[in-house]
Amino acid sequence: RLGHPAPTLFTCIAEYVGDCSDDFDTTDLARTLWALARSRLRLRLARRPHFARWRLRELKPSDTSKMYWALATLLWQQERDDGGSGSGDGGDSYHVLLDTLHDDLELKLVAFSPQELVDTAWSIVHLNRLFPAEQERQQRLMGRIAGSSVQWMDKFTAHQLSRLMWSIANFRHARSESVTAAVAAVGVEVEKRLKELSTSRSDVFY
């Protein structure tokens, strides 16, 4: 929660997490990975984490979302830092944990908040670029997110709507019915909000 975390402190934490990831409680690991990803600190897991699916199912939906976003962010940061060479020594560990997390994520999407849906959609876009061979599963997840988003449409903030639309537009996929419906729903919601703004602000024209 620190605005400017001490680099030395977070580096020490990252090294400990990397060496002892198998010893972490699932919830603690999810939240620690999320915090480190938020700090933009490069983390490499020294060993493959051995979290069975039943252990990941102990996570609350919010923590499942945090772990998924954190793993996608760490993989994306590593790929960027390595210049696309794929030579990082921690990416395989992230991918193993991410692969184990996928099935649990699908089960819990229905309980995600608007922000968690947006974060997961962003994650899928970046994972789609890193692992195009897994597009079928990614497309199924994006379709589920789109379907859930339609139900939450009036709960999204303007920023969340823009991020959701960005993710859908940048995802390389065959357009499914649920995604098409979500795009239409976002358009209707944006139009409604612009009309409301235009009646109260002189700088907004509709």
Side-chain angles (χ1 to χ4, degrees), residues 30 33-34 37-38 40 56 59-77 79-80 84 94-95 98-206:
L33 288 174
W34 180 85
R38 288 274 295 180
R40 300 182 183 276
L56 290 172
L59 289 172
K60 295 178 180 179
S62 60
D63 290 322
T64 298
S65 169
K66 282 184 173 69
M67 181 178 279
Y68 192 79
W69 178 87
L71 290 169
T73 300
L74 290 166
L75 278 164
W76 174 69
Q77 289 174 348
E79 182 75 8
R80 180 195 58 192
Y94 296 151
H95 197 192
L98 188 71
D99 189 60
T100 308
L101 188 64
H102 261 118
D103 291 342
D104 188 53
L105 182 75
E106 289 196 60
L107 292 173
K108 294 176 180 174
L109 269 176
V110 68
F112 277 19
S113 69
Q115 184 60 56
E116 289 159 1
L117 289 172
V118 169
D119 288 343
T120 305
W122 179 93
S123 300
I124 293 172
V125 170
H126 287 81
L127 290 172
N128 179 244
R129 294 172 177 174
L130 294 173
F131 308 111
E134 299 178 7
Q135 181 164 333
E136 183 177 346
R137 179 164 61 179
Q138 296 159 354
Q139 184 168 329
R140 185 171 66 249
L141 280 172
M142 187 64 86
R144 293 277 305 279
I145 289 171
S148 296
S149 297
V150 172
Q151 302 172 25
W152 286 96
M153 200 55 62
D154 62 334
K155 305 295 185 184
F156 283 100
T157 65
H159 179 64
Q160 289 168 343
L161 283 174
S162 68
R163 285 193 65 200
L164 178 64
M165 185 61 84
W166 179 92
S167 296
I168 291 174
N170 283 276
F171 181 58
R172 301 166 187 168
H173 66 298
R175 185 65 60 84
S176 65
E177 290 184 10
S178 58
V179 170
T180 301
V183 170
V186 170
V188 170
E189 185 66 24
V190 169
E191 182 180 9
K192 182 180 75 174
R193 295 191 191 189
L194 281 174
K195 285 182 178 179
E196 292 171 353
L197 276 175
S198 66
T199 62
S200 59
R201 286 175 49 177
S202 59
D203 60 327
V204 176
F205 299 92
Y206 182 80

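The structure presented is a predicted model; accordingly, all values stated were derived computationally and were not measured.
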task = Quick one: do Q139 and I124 satisfy side-chain contact (heavy atoms from CB on, under 4.5 Å)? Show the steps, please.
result = CA-CA 9 Å; Q139 184 168 329; I124 293 172; over 6 Å; no
request  = Test side-chain contact (heavy atoms from CB on, under 4.5 Å) on L161 and M153 and set out the steps.
outcome  = CA-CA 8 Å; L161 283 174; M153 200 55 62; 3.5 Å; yes
task = Could you go through the side-chain contact (heavy atoms from CB on, under 4.5 Å) check for L105 and M67 one step at a time?
result = CA-CA 10 Å; L105 182 75; M67 181 178 279; over 6 Å; no
request  = Apply salt bridge (charged side-chain N to carboxylate O under 4.0 Å, His left out) to the pair D99 and R137, showing each step before the final yes or no.
outcome  = CA-CA 11 Å; D99 189 60; R137 179 164 61 179; 2.8 Å; yes
task = Check step by step if side-chain contact (heavy atoms from CB on, under 4.5 Å) holds for V186 and V150.
result = CA-CA 8 Å; V186 170; V150 172; over 6 Å; no
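A distance of 12.5 Å separates CD in Q135 from CZ in R129, rounded to the nearest 0.5 Å. The OG1 atom of T120 sits 8.5 Å away from the CG atom of L141 when rounded to the nearest 0.5 Å. Here the straight-line distance linking atom NZ of K108 with atom OG of S62 works out to 9.0 Å at 0.5 Å rounding. Between M142 atom CE and S149 atom OG the span is 9.0 Å, to the nearest 0.5 Å. One finds the OG1 atom of T64 at 9.5 Å from the CG atom of L107 (value rounded to the nearest 0.5 Å). One distance of note links CH2 of W166 with CH2 of W122; it measures 7.5 Å at 0.5 Å rounding.
Nearest heavy atoms, V125 versus S167: CG2-O, 3.2 Å. The minimum heavy-atom distance between L117 and I145, with the atom names listed, is O-CG2, 3.8 Å. Closest approach of W69 and S123 over heavy atoms only: CA-OG, 3.4 Å. For E116 against A111, the heavy-atom pair with the smallest separation is OE1-O, 4.3 Å. For the residue pair K155 and P114, the shortest heavy atom distance occurs at CB-CG, 4.0 Å. The shortest non-hydrogen separation linking G143 to V179 is CA-CG2, 4.2 Å.
Between D119 and R163 a salt bridge is recorded (basic side-chain N to carboxylate O distance below 4.0 Å). Using a 4.0 Å cut-off between charged nitrogen and carboxylate oxygen, E189 and R193 count as a salt-bridge pair.
Between W76 and H126, the ring planes lie perpendicular to each other; the angle is over 60°, past the 30° to 60° tilted range.
Side chain of Q138 to main chain of F131: a donor-acceptor pair is present (N/O by atom type, distance under 3.5 Å, no hydrogens or angles). Side chain of K192 to backbone of G187: no donor-acceptor contact under 3.5 angstrom is found.
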